[in-house]
Amino acid sequence: MTSPVVARMKQKRMADLISLGKRLDERGLTDYREAQIEIGVIEKAEGSARVRLGKTEVLVGIKIGLGEPFSDVPNQGVLTVNAELVPLASPTFEPGPPGEDAIELARVVDRGIRESKAIDLEKLCITPGKKVFIVFIDLYVLNYDGNLIDASALAALAALLNTKVFNYEVKEGEVQIKPGYKSLPIRNYPIAVTFAKINDKLVVDPCLEEEQVMETRLTMTIEKDEKVCALQKSGKGYFRIQQILEAAKIARQKAAELRKLVVKK
Amino acid sequence: MTSPVVARMKQKRMADLISLGKRLDERGLTDYREAQIEIGVIEKAEGSARVRLGKTEVLVGIKIGLGEPFSDVPNQGVLTVNAELVPLASPTFEPGPPGEDAIELARVVDRGIRESKAIDLEKLCITPGKKVFIVFIDLYVLNYDGNLIDASALAALAALLNTKVFNYEVKEGEVQIKPGYKSLPIRNYPIAVTFAKINDKLVVDPCLEEEQVMETRLTMTIEKDEKVCALQKSGKGYFRIQQILEAAKIARQKAAELRKLVVKK
Amino acid sequence: MTSPVVARMKQKRMADLISLGKRLDERGLTDYREAQIEIGVIEKAEGSARVRLGKTEVLVGIKIGLGEPFSDVPNQGVLTVNAELVPLASPTFEPGPPGEDAIELARVVDRGIRESKAIDLEKLCITPGKKVFIVFIDLYVLNYDGNLIDASALAALAALLNTKVFNYEVKEGEVQIKPGYKSLPIRNYPIAVTFAKINDKLVVDPCLEEEQVMETRLTMTIEKDEKVCALQKSGKGYFRIQQILEAAKIARQKAAELRKLVVKK
Amino acid sequence: MPKKKVKKVVNKENIRHDGRKLSELRPIKLEVGILGNADGSAYIEQGKNKILAGVYGPKEVHPKHLALPDRSRLRCRYHMAPFSVQERKSPAPSRRDIELSKVIREAFEPSVFTEYYPKTSIDIFIEVLQADGGTRCASITAASLALADAGIPLRDLVSACAAGKVDGRIVLDLNDKEDKEGEADLPLAYMSNLNAITLLQMDGMLTSEEFEQAINLALEGCNQIYQLQKEALKAKYVEVKETMNEGADEQ
Amino acid sequence: MPKKKVKKVVNKENIRHDGRKLSELRPIKLEVGILGNADGSAYIEQGKNKILAGVYGPKEVHPKHLALPDRSRLRCRYHMAPFSVQERKSPAPSRRDIELSKVIREAFEPSVFTEYYPKTSIDIFIEVLQADGGTRCASITAASLALADAGIPLRDLVSACAAGKVDGRIVLDLNDKEDKEGEADLPLAYMSNLNAITLLQMDGMLTSEEFEQAINLALEGCNQIYQLQKEALKAKYVEVKETMNEGADEQ
Amino acid sequence: MPKKKVKKVVNKENIRHDGRKLSELRPIKLEVGILGNADGSAYIEQGKNKILAGVYGPKEVHPKHLALPDRSRLRCRYHMAPFSVQERKSPAPSRRDIELSKVIREAFEPSVFTEYYPKTSIDIFIEVLQADGGTRCASITAASLALADAGIPLRDLVSACAAGKVDGRIVLDLNDKEDKEGEADLPLAYMSNLNAITLLQMDGMLTSEEFEQAINLALEGCNQIYQLQKEALKAKYVEVKETMNEGADEQ
């Protein structure tokens with residue numbers, strides 16, 4: 001643990017560097033850290049993926065269950081995203097029910113998948129109004145070194161592409177599982193791109209040290225046709241409109257790069 | 001905020017005045033503060049009313065839902081009363097699940113409605129043992145200046161009288177909503193009258209300052225035929241029997257006055 | 001309340017005595033305190049028993065309910081054991097949801113009953129996959145003077161032997177209660193025997209003062225044919241293998257003695 | 001749907017279904033000082049009610065910010081065992097439990113010299129082991145003995161009893177069946193020597209005359225219970241004295 | 001299964017189902033200082049939305065370990081009344097409520113001089129009494145007035161408004177029906193004098209052009225609302241002045 | 001209802017359904033120091049079990065009143081990922097999770113020199129990413145390495161392994177299928193150098209002879225695992241040394 005004085009000096013240096021278009025770890029302002037993606041790491045889950053973004057590490061597991069549809073969309077399967085910031089991932093994470101950060105993380109990832117219609121939920125309906133598949137996406141943060149949203153969204157997409165749904169038949173109103181699997185019907189590939197604003201400059205993929213000094217943060221989720229499908233400003237500061245439009249341009253480009261890592265791989 | 005010394009002097013003066021049959025705000029001992037009642041303030045609720053009693057302000061909203069009856073009364077609808085002391089109403093209210101004061105408030109209001117049989121619950125049965133209407137009465141305190149029970153009970157009664165139940169038909173065991181509404185079947189009009197005991201004297205409709213110095217409190221709920229239908233002694237002190245019988249007399253009179261404000265208006 | 005110094009002296013004396021094969025209350029190392037068992041103490045429960053083990057006092061009540069079986073054992077009734085360390089039993093017990101000690105107590109007692117197959121759960125099935133009896137065993141600690149597990153397990157067994165299940169018939173898929181009762185089908189008699197390790201010696205049935213100085217604890221549950229059917233090491237210390245094998249021998253003997261107190265009595 | 005014919009709970013000769021007269025209490029058994037660890041304790045059986053009360057304190061308050069500068073903080077938990085009622089009750093406190101804990105605590109406030117023990121707490125724990133109507137009153141009757149047993153200075157014992165209306169008659173000390181099928185239930189707690197009513201609630205409907213009648217009947221019940229409480233304390237006191245004598249003999 | 005035919009929410013003449021033009025706000029009513037106890041308060045009606053905001057503080061923080069050494073801790077609770085929506089909402093906070101409480105709090109952080117009040121807290125309580133789409137923006141608009149009413153020094157008022165896409169058109173200030181049936185919703189909060197966007201979220205899909213268009217439209221909406229906020233404050237201020245004059249007259 | 005015929009889990013040649021011999025461990029993979037933030041960490045794969053353990057501490061205790069004057073407070077959370085088992089598990093801790101957290105914590109108490117760090121806490125966090133029987137033992141094996149990796153002084157490593165009875169045979173290291181269909185499962189934790197059993201539980205039924213046999217077999221398993229643990233630590237140590245050399249080279 002570094003002393004507060006050293007920490008403050010380092011922060012000052014980081015901010016100064018960013019003004020000059022440089023970062024402490026020698027990345028450019030719009031460079032991502034190295035991303036490593038492993039799929040199928042949890043055999044017992046219907047889908048899974050582990051993403052490392054620098055030292056940030058997120059494991060996503062997907063379980064398929066059976067349940068009732070929501071009454072306003074009786075012919076659609078159910079999507080539910082949950083995030084856990086388990087305490088081994090960071091000294092600042094506490095055991096217990098999800099706090100506002102975990103809830104925000106889950107909801108931002110959820111929004112990208114839902115709004116881009118990434119999963120064809122109508123194909124997950126078994127008996128309209130009665131029985132549908134439930135897709136449980138669990139985001140499990142194993143090590144926290146900044147930018148959990150992008151790592152989680154990437155892992156969630158990789159896991160979805162890797163998810164199998166068991167075959168079934170309906171006999172006398174009861175669902176019976178049959179041997180074999182189908183792929184989950186995926187039709188879009190949303191990618192989250194997060195910007196931190198430091199010294200009034202934007203940097204992508206902030207690491208923990210950058211998050212600690214950033215004024216504020218913006219996540220843009222971009223779908224396969226370059227449409228924006230989710231936004232989330234988070235943190236205390238503010239953005240100017242020019243910054244947001246600039247971010248949108250960069251996000252499209254970064255999303256395309258990241259998407260290649262998981263789609264058709 | 002007044003200093004503790006000033007507060008104590010004021011309390012002493014209030015108590016002394018009451019011994020003389022007077023109150024700080026110039027009301028008589030058995031006078032209510034001005035009551036203002038607005039109905040239908042929440043269009044999306046099936047019934048609603050806002051009551052102002054001096055500066056105390058309570059909003060009651062009523063929602064009608066569908067559910068199962070209790071197994072011991074299979075042919076009756078379900079009544080449920082809930083109170084929230086939301087933190088904008090007072091610096092002493094905390095966010096979070098209802099504490100003992102909110103629970104007591106809800107249960108005393110519930111008791112008056114239930115014991116006077118104000119709602120004809122049998123008329124709210126759709127299919128005995130299977131499907132009934134649920135009447136959700138939510139007491140929402142917006143500003144706390146004493147005597148929440150009377151204000152809430154009054155608002156609840158006003159809201160009930162203003163509540164509509166949607167039409168329906170039962171087709172193949174399923175309830176289907178049809179256009180149009182009926183009034184909720186109301187057949188009694190319980191009114192809560194609360195007394196504070198200060199310097200061994202009874203005053204009705206205590207304001208916050210009076211509640212802060214009162215020894216104890218008694219709520220009597222009186223139904224349309226002047227029967228007592230609920231009682232609640234609350235607070236640390238005690239009553240003598242003579243005081244209770246005296247209170248019963250005053251309560252009947254006050255209840256009749258207040259009832260005129262909401263019934264046939 | 002004794003002073004810490006006196007307490008420490010007493011503890012030292014207790015430990016020294018135990019090295020000599022003696023105990024403060026003059027019991028031998030493998031002697032139980034006097035056990036008193038009363039059955040049928042709660043008439044409204046389907047079964048009940050109160051056990052006093054010295055000053056430790058546990059009341060067990062058994063309720064029989066109706067519910068659904070677990071999906072992996074559709075033709076078995078459900079057994080559920082719950083323990084409450086209510087605050088009147090000890091100054092160290094707090095109100096609120098069960099803590100780890102209460103949960104461990106319930107689960108150890110549960111394990112003895114479940115693993116010895118003491119209840120013939122298949123006889124508690126009404127309609128396979130749909131409707132079964134649920135046996136609720138509630139362990140209620142009334143006074144805590146050490147060795148809650150043995151007292152609770154003994155009371156649970158006594159209560160089970162004393163439990164009646166109402167007669168019923170199934171009419172059109174609905175369970176209807178008929179007059180009369182049957183005994184709960186009990187076919188094994190698990191007895192828990194707990195050892196404390198103090199000064200590297202084993203003593204059975206530790207009282208509170210002994211628990212406060214013990215290094216660790218071991219509970220062995222022995223069924224009617226002298227098989228071990230549950231084990232639980234609890235507490236900070238450790239055992240040597242020789243101690244565990246020695247404990248197993250003593251446990252068999254003690255279990256037989258205790259069993260006589262409840263079976264065929 | 002035809003109304004089911006309700007069998008009368010009170011018959012024409014004013015005899016109740018359990019054989020009691022209108023103003024007769026259920027059989028009451030009181031025991032004082034029966035728990036090993038609590039500073040004070042008492043047990044009551046009133047009809048089929050079986051209730052334990054235990055008191056801890058005065059003692060340091062946890063958490064500390066709850067301590068009151070000028071008096072002891074009285075706390076109370078009314079709790080029902082899961083097996084105490086017909087259908088198993090979840091052990092989590094219900095809204096009813098929370099309300100009863102509050103009004104019972106307030107029923108004791110005027111009886112305890114809390115000002116003698118500033119910055120402490122006195123905790124009253126009530127465990128209903130079996131419930132058969134009127135548990136809050138029986139709980140108060142027992143808990144007041146537990147407070148006395150704990151040696152806490154009291155202005156008076158608190159005695160509690162309900163009156164109510166069943167089949168048109170005003171009756172004393174309703175049991176569960178009478179409470180459920182009757183027209184009104186009015187529980188009341190009372191300090192007999194001080195003429196002070198410290199708990200008063202009511203469910204049901206009563207005319208002005210019935211109301212007065214019910215209150216008076218409940219007070220009568222409280223007075224009878226007060227005598228039983230004093231006897232129970234005396235019994236314990238005598239017992240203790242005897243034990244002390246025995247102790248003296250042994251020496 | 002045939003797709004149900006959706007009736008258009010916006011017609012060919014670019015008139016919305018409630019009669020508004022594409023870039024027209026719903027009717028807005030603002031009132032300041034309407035609660036008796038809160039240090040500051042405001043009420044907003046925006047279409048059928050009815051929302052109250054109350055502010056307490058700056059004041060001592062409880063529990064104390066939450067106090068910040070160099071500034072005030074801003075806290076915010078966005079809460080919906082159970083009867084505010086079609087199906088009764090449980091009063092326990094949902095995940096949505098928790099997220100909104102967070103982003104609304106963060107929308108105010110840049111506007112408040114929190115550094116003036118170290119070690120204190122400023123609590124913003126928002127109660128949605130009736131919800132009809134766009135409640136987070138309306139809540140921010142009202143809560144900013146409540147902060148001003150509490151006398152808390154602000155860099156600027158925060159005004160909030162959503163734009164979105166419905167039936168292919170970019171529209172301002174979506175109501176519930178438009179939000180549910182539309183293609184995108186983009187809520188935004190803005191400090192007009194400082195050109196600072198303090199809240200930005202989006203659901204739905206927008207091309208790059210639509211996105212820019214929507215942001216600009218939302219900003220326009222914010223600017224209009226900013227004027228309404230200033231008028232509401234002025235009205236309150238005038239009212240207060242008048243009351244003071246009355247008070248002077250009385251003297 | 002006819003009993004369903006259970007296919008044997010262990011065949012006549014004493015070969016188990018997964019090909020193992022009766023006293024054979026599942027394949028075990030251990031890695032030390034694999035998490036970036038934890039003070040110590042380790043990962044275990046034992047059959048299909050995949051478990052991470054992380055240790056933080058010794059560090060200041062929050063809340064402070066939990067600090068112990070004479071030693072460090074050991075805390076442990078055993079937690080399963082929702083996707084670690086067949087049917088998704090709710091992330092809220094179950095009663096089983098709470099019991100396991102307790103006995104695992106107690107299994108470490110005799111191994112840690114807690115008296116070296118009074119008033120601190122040492123927190124052990126266990127995350128079961130995939131479960132296939134015997135997770136508590138595998139968790140202990142990994143967590144002991146994590147404690148060592150955190151540089152916390154230990155009397156000995158704790159190694160854990162279960163033995164049990166399946167199809168009438170005493171077998172080592174039961175997997176999920178064997179645990180569910182077998183007759184007994186006896187997990188045990190052991191400090192090999194100190195001959196100290198620090199965790200012992202059992203489900204099922206064992207005769208006196210079987211019991212002794214099972215304990216001895218479990219101890220044998222622990223001894224094998226102990227060797228693997230030492231190798232894993234050595235691998236890490238060597239790796240660290242190599243990294244340091246590299247670092248020296250770079251300089």
Side-chain angles (χ1 to χ4, degrees), chain B residues 1 40-50 52-67 80-98 102 106 134-146 155-156 159 163 166 177 207-208, chain E residues 33-43 45 47-57 59-60 62-63 75-93 97-98 101 121 123-133 135 139 142-143 146 149-150 175-176:
Chain B
M1 200 126 229
V41 289
I42 302 297
E43 301 90 332
K44 291 205 171 186
E46 274 76 34
S48 62
R50 183 200 293 247
R52 287 189 180 86
L53 207 53
K55 287 184 182 163
T56 284
E57 197 171 333
V58 177
L59 175 60
V60 169
I62 294 178
K63 296 296 294 178
I64 304 292
L66 292 171
T80 160
V81 182
N82 186 58
E84 283 188 76
L85 305 182
V86 293
L88 56 65
S90 165
T92 61
F93 293 171
E94 307 259 341
I134 306 178
V135 180
F136 293 101
I137 303 182
D138 278 288
L139 314 178
Y140 223 69
V141 175
L142 299 181
N143 201 61
Y144 170 43
D145 191 35
T163 298
F166 48 82
I177 293 170
C207 67
L208 181 55
Chain E
I34 39 76
L35 288 178
N37 290 325
D39 294 326
S41 61
Y43 175 69
E45 286 185 14
K48 286 185 186 160
N49 287 320
K50 298 186 176 188
I51 299 168
L52 261 176
V55 167
Y56 286 91
K59 61 190 184 72
E60 240 186 293
H62 288 287
R75 296 191 289 197
C76 176
R77 188 175 93 131
Y78 167 94
H79 188 246
M80 301 182 90
F83 45 76
S84 62
V85 283
Q86 207 50 47
E87 293 242 340
R88 179 177 184 270
K89 184 188 177 298
S90 154
D97 295 342
I98 291 169
S101 296
S121 78
D123 292 342
I124 303 170
F125 298 116
I126 291 163
E127 292 294 336
V128 178
L129 306 179
Q130 184 162 277
D132 191 43
T135 58
S139 296
D149 184 42
N175 64 22
D176 194 41

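In what follows, chains are A, B, ... by sequence order, proteins preceding strands, each numbered from 1.
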Quiz item: Among B:Val60, B:Leu208, B:Asp145, B:Leu142, who wins on heavy-atom pairs under 4.5 Å with chain E?
Solution: B:Leu142

Quiz prompt | E:Ala146 versus chain B, the contacting section by heavy-atom distance below 4.5 Å | solution = neither

Practice problem: Compare every heavy atom of E:Gln130 with every heavy atom of B:Lys44, then report the nearest pair and how far apart it is. | Solution: N-OE1, 2.8 Å

Practice problem: With a 4.5 Å cut-off on heavy-atom pairs, point out which of E:Ala92, E:Ala53, E:Ala81 contacts chain B the most. | Solution: E:Ala81

Quiz item: B:Ala49 and B:Ala155: which non-hydrogen atoms are nearest, and at how many Å?
Solution: CB-O, 3.6 Å

Quiz prompt | Test item: side-chain donor near acceptor, E:Asp132 and E:Asn49, under 3.5 Å | solution = no

Exercise. Measure distances from B:Lys55 to the heavy atoms of chain E and classify the residue's part below 4.5 Å as side chain, backbone, both or neither.
Key: neither

Quiz prompt | For the student: nearest non-hydrogen atoms of B:Thr56 and B:Tyr144, plus distance | solution = OG1-C, 4.0 Å

Exercise. Select one option (side chain, backbone, both, neither) describing which atoms of B:Pro91 are under 4.5 Å from chain E's heavy atoms.
Key: both

Quiz item: Angle class for the E:Phe83/B:Tyr140 ring planes (parallel below 30°, perpendicular above 60°, tilted otherwise)?
Solution: perpendicular

Quiz item: So, does E:Ser101 use its side chain to make a donor-acceptor pair with the main chain of E:Tyr78 at under 3.5 Å?
Solution: yes

Quiz item: For E:Ser84, is it the side chain, the backbone, both, or neither that has a heavy atom closer than 4.5 Å to a heavy atom of chain B?
Solution: backbone

Practice problem: Could you tell me which of B:Ser48, B:Pro95, B:Pro98 has the largest number of non-hydrogen atom pairs under 4.5 Å with chain E? | Solution: B:Pro95

Self-check item: Side-chain donor or acceptor of B:Asn143 paired with backbone N/O of E:Asn37 under 3.5 Å
Solution: yes

Quiz item: With only heavy atoms counted, which part of E:Val55 is less than 4.5 Å from chain B, the side chain, the backbone, both or neither?
Solution: neither

Self-check item: Contact class of B:Glu43 relative to chain E, heavy atoms under 4.5 angstrom
Solution: both

Quiz prompt | Most contacts with chain B, counted as non-hydrogen pairs under 4.5 angstrom, among E:Pro91, E:Gly54, E:Pro93, E:Ala38 | solution = E:Pro91

Quiz item: Given that the side chain runs from C-beta out, which part of E:Arg88 has a heavy atom under 4.5 Å from chain B: side chain, backbone, both or neither?
Solution: both

Quiz item: Does the pair E:Asp39/E:Lys59 count as a salt bridge with the N-to-O cut at 4.0 Å?
Solution: no

